[in-house]
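Every heavy atom of this structure was used, including side-chain atoms; hydrogens, water molecules and symmetry mates were not.
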Amino acid sequence: MFGDSTLCAQFLKGYTDIPFFTNIKPEDIEDVSSHFIPLFQESRDSDIVKKIQIENTDLYLIALIEHQSEADADMSFRLLRYMVYVWTDYAATQEKLHPGITKSKDFLYPPILPIIYYEGTGQWTSALHFKDRVFMSDIFEEFIPDL
């Protein structure tokens, strides 16, 4: 489904409540998976990373898509790690295009929509939030990313 731009656009329109996706077209979606797989430092051939141009602007949304057949207790951490790789690469690319841009207070990182596409037969039993995988998160909750 995510390998096909038409189906991916239909999924984003139909299964998310994000207004930006209302007018998304298949040609707005670019597969950049081959660029990121080496950064993930593990054999993740099934992972899909899409770069999506939204409403004809320079704002991009990068969707990370994880295909899972079993619940993975470490999935929230893996997604956080992937997101950091994508943001780091984005900053490096922008620095090459516009030296010094990332030091500007106006520089913003693109949003990332992590999607877990779970194909298992049982319930997903792993934590849904990253903070639930952090020791003493009840005490340090305000300092832990809420993913």
Side-chain angles (χ1 to χ4, degrees), residues 1-120 124 126-135 137 140-147:
M1 171 184 355
F2 298 109
D4 181 280
S5 294
T6 300
L7 293 175
C8 187
Q10 290 172 351
F11 174 84
L12 293 171
K13 282 183 195 179
Y15 292 96
T16 67
D17 294 328
I18 300 173
F20 281 121
F21 293 139
T22 304
N23 298 317
I24 194 170
K25 299 179 293 291
E27 55 268 20
D28 298 333
I29 300 171
E30 178 186 356
D31 190 311
V32 292
S33 303
S34 61
H35 177 75
F36 288 101
I37 297 304
L39 296 176
F40 293 164
Q41 299 177 351
E42 45 191 69
S43 179
R44 305 296 308 157
D45 296 332
S46 63
D47 293 346
I48 299 172
V49 181
K50 301 289 188 180
K51 182 168 68 170
I52 304 167
Q53 187 174 13
I54 300 173
E55 296 184 358
N56 296 318
T57 69
D58 290 336
L59 173 67
Y60 288 88
L61 176 84
I62 300 169
L64 278 173
I65 302 168
E66 273 286 333
H67 294 269
Q68 289 297 123
S69 58
E70 297 178 358
D72 182 345
D74 209 33
M75 182 54 63
S76 59
F77 181 75
R78 185 182 314 159
L79 286 174
L80 173 61
R81 189 170 64 239
Y82 287 7
M83 293 166 80
V84 171
Y85 289 145
V86 170
W87 282 321
T88 301
D89 181 77
Y90 178 81
T93 300
Q94 294 306 306
E95 275 295 319
K96 286 179 185 172
L97 295 172
H98 313 282
I101 187 112
T102 59
K103 293 177 178 34
S104 163
K105 68 177 182 175
D106 297 326
F107 176 77
L108 298 173
Y109 291 90
I112 297 175
L113 174 64
I115 297 173
I116 305 297
Y117 183 74
Y118 177 59
E119 299 174 326
W124 181 266
S126 298
L128 297 177
H129 296 273
F130 176 70
K131 65 180 178 157
D132 296 333
R133 296 280 295 165
V134 177
F135 178 63
S137 62
F140 295 98
E141 183 173 8
E142 70 178 284
F143 305 106
I144 301 170
D146 185 20
L147 308 170

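Separation of atoms OG (Ser76) and CD1 (Ile116) is listed at 9.0 Å; rounding is to 0.5 Å. Here the NZ-NZ distance, from Lys13 to Lys25, works out to 8.5 Å after rounding to the nearest 0.5 Å. For the atom pair CG of Leu80 and CZ of Phe130, the computed distance is 5.0 Å after rounding to the nearest 0.5 Å. Atom CZ of Arg81 sits about 7.0 Å away from atom CG of Asp74, to the nearest 0.5 Å. For the atom pair CD (Glu30) and OG (Ser5), the distance works out to 9.5 Å, reported to the nearest 0.5 Å. Atoms CD1 and OG, on Ile144 and Ser137 in that order, are 5.0 Å from each other to the nearest 0.5 Å.
Taking the six-membered ring where the residue is Trp, Tyr90 and Tyr109 present tilted rings, their angle falling between 30° and 60°.
The shortest distance between side-chain heavy atoms of Leu113 and Phe20 does not fall below 4.5 Å. Residues Phe11 and Ile115 meet the side-chain proximity criterion, which asks for heavy atoms closer than 4.5 Å. Put simply, the side chain of Trp124 reaches to within 4.5 Å of the side chain of Met75, judged on heavy atoms.
Closest heavy-atom contact between Ile24 and Ala9: CG2-O, 3.8 Å. Considering every non-hydrogen atom in both Asn23 and Asp28, the closest pair reads O-OD2, 4.1 Å. When every heavy atom of Ile101 is checked against every heavy atom of Gln94, the shortest pair comes out as CG2-O, 3.6 Å. Of all heavy-atom pairs spanning His129 and Asp146, the tightest one is ND1-OD1, 3.3 Å. Between Glu95 and Lys103, the closest heavy-atom pair is OE2-N, 4.3 Å. Ile52 approaches Leu12 most closely through the heavy-atom pair CD1-CD1, 3.5 Å.
Residue Glu70 qualifies as open at atom CD: its count of foreign heavy atoms under 6.0 Å is 12 or below.
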Report task. Quick one: do Lys96 and Thr93 satisfy side-chain contact (heavy atoms from CB on, under 4.5 Å)? Show the steps, please. Result -> CA-CA 5 Å; Lys96 286 179 185 172; Thr93 300; 5.9 Å; no

